[in-house]
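Positions are given from 1, in the same order as the sequence printed here. Heavy-atom basis, side chains included; hydrogens, waters and symmetry copies ignored.
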Amino acid sequence: VYPLPPAYHADLIAEGSRQLAEWQQGCEYNLRACTPTRRPQHPHGAIPDYGSEVVILQKFLSAPPELFEADPARASFFLVPFLARSECLLRGMCWFSCPCGQLVLSLLDILPHFNETTKFRHIFLGTGDRRELHPILQKVQALKLHTGPRLCPGDIVVPWANVEAELQPARYDPAAGGERDIFVLLASSRELQGTNGPIRLRTLLHRQFERWNRHNHSNSGRVVYSTAFQGRSMQAPTMTPLIRRAVMTIIPPGDMPSQKRFFDALLLGTIPVVFAFPAADRKPSWWAGDQPERASVDDSYPFSRIIPYADLVVQVPWSIVCARQLLTFLLAIPDAVIRERQQMIAKYRNSFVFDYEGHAPDAFSMILRELLFHLPRFRGLPTRRRCVQCRQYGFACCRPPRWMKEAPALPCPGEALFLDHKCGLPRDEVNGDWHAF
C-alpha cells in the first residue's frame, strides 16, 4: 500500500463528511452503514452513491497484517489509496473526464514502484462511470475499479454504493415490506422535455402504463403501478417501501451502462425488468447508449464472469416495447419463473452490497475473487505490450474492447427509436408466448 499524503484519501473523506453534515443527511461519507435522512438534490458534491471506493479502501486496509508486504519485489499487488472519483465530485461540477482533477496530475510521479513491469498489478480506485475518470487514469494500464463499462483487460466493474443500514446482510429482512401486492412497478422520472434516448424511453413507458390502467386491464389480478417524479427522488428513503411491495420493478436505461436503481432493486428483493438492445458480437445490452458505446451486459455489470445475470432479471426484447406489448408480456410470466428468479436473487444478493459489519461474503469478497483471477495472467507477462490507442474513445488498452466493432442497429428505425406513435415492429414478432423469449 502506497503511503500517499492525506490529501489523496483522508482529507477527501473529511470533506465529504462535512458536506453531508451541511446538507443535514446525518451520515458520514461512506465510512459506515447509515440511512440518510434526505438525499442531496445537487448534481455534484458528496453523493454517497459514488463512494464505493471509500469502503473498498477501508476493507483493504483492515486486512490481517500478514497480508501486507513491505518488500515491493515480493508484492502481488500495489494498492494506490487515491479516491479518484471523490476528488472529482467534491470539486464541484466535474463529470466526464474529471477536468477539475488536480491530485491526479502528479499521482504517477509519487508511485516509485510503478513501471512497465509492475503497472499491471497496480490497483486504482475510481468508482464512477469509467468515462468520468481523468484521462490519466483512463489510459493507464493497470487494475482499475469502477462502475463500468469494462474497456480494458484490467478493468474490474464494481457495484454502486448502498450505505442504507437496513440493506446490510445482517439486518436485511426480505419479509419486512409485507406482501408484494404490486406485480409490476415503474418508478422513474418522466421528463416531457428532452431529446436523448433515456428520457424518451421513460416517457414511452409511462404512457404504456397509463394506457393499460385507463382501459382497466387488471382482470388478471396482477396489479401494475407507475409513479413519476423529478430529480433524484428514486433514491429517496420514501421509495424503499414502494419497491419492497413490487414483485418486478422496471429498470429503464439511463445515462450510464449500469444504474444504481438496478442494485437497489436486487437488494430489496424485487426482480429487475431490463430491456435488451443489440450490442456487438450479438450479445445483449441493457443500455440504449449511442453506437458504438452500447456495451454488453458482460462489460457493464459487476462480476459477470461469476454472476448469471440472465437468471436474476426479466429481460424484455426491445421489440416487445416497440409493439406496445410490454405489460402483456410481463403479466404472462408464469409463477414458477417468478419463484426461480427470486431464489437466484436471494442467492447472489450480498454480492451487490458492501457489508460494513463483516457478517457475510459481500461485494468486496467478489472483488478479491476478481483479483485472484487476474493474478496468474501477470506471471510471465512481457515488460511491454503493443497497445491500441484510439483518440475517438480516449483510452489506450492492450486489446480493443469487444464492442468497438460497429454495433448493429436498434430494432426501431432512426429517430423513431423512443417515439410512442412511431416505434414498432411487425405484430407477428410478438406472439404472446413468454417462453419464446
Side-chain angles (χ1 to χ4, degrees), residues 16 20 25 27-36 39 47-63 83 85-86 125-129 145-148 156-177 234-237 239-244 246 249 251 256-272 274 300-309 311-313 341-371:
L20 293 180
Q25 286 200 298
C27 295
E28 298 173 292
Y29 183 48
N30 292 65
L31 288 176
R32 58 186 176 87
C34 176
T35 302
R39 288 283 183 176
I47 302 175
D49 305 347
Y50 296 94
S52 295
E53 57 192 23
V54 176
V55 62
I56 291 173
L57 179 58
Q58 285 187 93
K59 285 180 171 284
F60 270 124
L61 297 181
S62 63
L83 305 177
R85 189 70 190 97
S86 297
L125 310 176
T127 52
D129 188 292
L145 276 56
H146 53 76
T147 59
I156 298 177
V157 181
V158 303
W160 294 58
N162 272 286
V163 297
E164 289 77 7
E166 62 269 20
L167 297 182
Q168 290 291 292
R171 305 187 195 185
Y172 174 68
D173 180 6
M234 175 64 185
Q235 302 164 5
M239 289 302 301
T240 298
L242 185 60
I243 298 174
R244 285 184 183 274
T249 299
I251 309 295
M256 302 177 185
S258 69
Q259 298 183 76
K260 183 177 181 294
R261 74 180 69 202
F262 176 85
F263 304 105
D264 292 341
L266 290 173
L267 293 177
L268 290 168
T270 183
I271 304 171
V274 296
S300 301
Y301 286 82
F303 323 127
S304 58
R305 187 180 55 84
I306 302 170
I307 297 176
Y309 278 96
D311 297 335
L312 306 182
V313 305
R341 296 292 192 272
Q342 291 172 334
Q343 291 170 0
M344 292 299 291
I345 289 174
K347 178 180 179 179
Y348 288 99
R349 175 196 180 277
N350 291 344
S351 299
F352 303 107
V353 63
F354 293 96
D355 185 1
Y356 282 87
E357 300 172 356
H359 284 281
D362 64 349
F364 184 73
S365 308
M366 300 294 280
I367 291 174
L368 295 181
R369 292 180 65 178
E370 290 286 347
L371 291 175

With heavy-atom distances below 4.5 Å as the criterion, would you say the side chains of [X] and [Y] are in contact?
{"X": "D129", "Y": "H146", "value": "no"}
{"X": "L83", "Y": "L57", "value": "yes"}
{"X": "V158", "Y": "F364", "value": "no"}
{"X": "L312", "Y": "Y348", "value": "yes"}
{"X": "D264", "Y": "W160", "value": "no"}
{"X": "L31", "Y": "Q58", "value": "yes"}

Derivation of the salt bridge (charged side-chain N to carboxylate O under 4.0 Å, His left out) call for D362 and K59: CA-CA 11 Å; D362 64 349; K59 285 180 171 284; 3.3 Å; yes
Please walk me through it: do T270 and T249 pass side chain to side chain donor-acceptor pair (under 3.5 Å)? CA-CA 6 Å; T270 183; T249 299; 3.1 Å; yes
Do the ring planes of F352 and F262 sit parallel (below 30°), tilted (30 to 60°) or perpendicular (above 60°)? perpendicular
Is it true that, when you exclude R369 itself, more than 12 heavy atoms of the residues, nucleotides or ligands shown sit nearer than 6.0 Å to its CZ? no
May I have the step-by-step check of side chain to side chain donor-acceptor pair (under 3.5 Å) for S86 and Y29, ending in yes or no? CA-CA 10 Å; S86 297; Y29 183 48; 2.8 Å; yes
If you measure only the distance, is there a donor-acceptor pair under 3.5 Å linking the side chains of T127 and T147?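 Absent: no donor and acceptor within the cut-off.
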Residue list, salt bridge (Lys or Arg N to Asp or Glu O under 4.0 Å) with E357, at least two apart or on another chain: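 Listed in chain order: R171.
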Roughly how far, to the nearest 0.5 Å, is the OH atom of Y301 from the CD atom of Q259?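 Nearest 0.5 Å value for the CD-OH distance: 6.5 Å.
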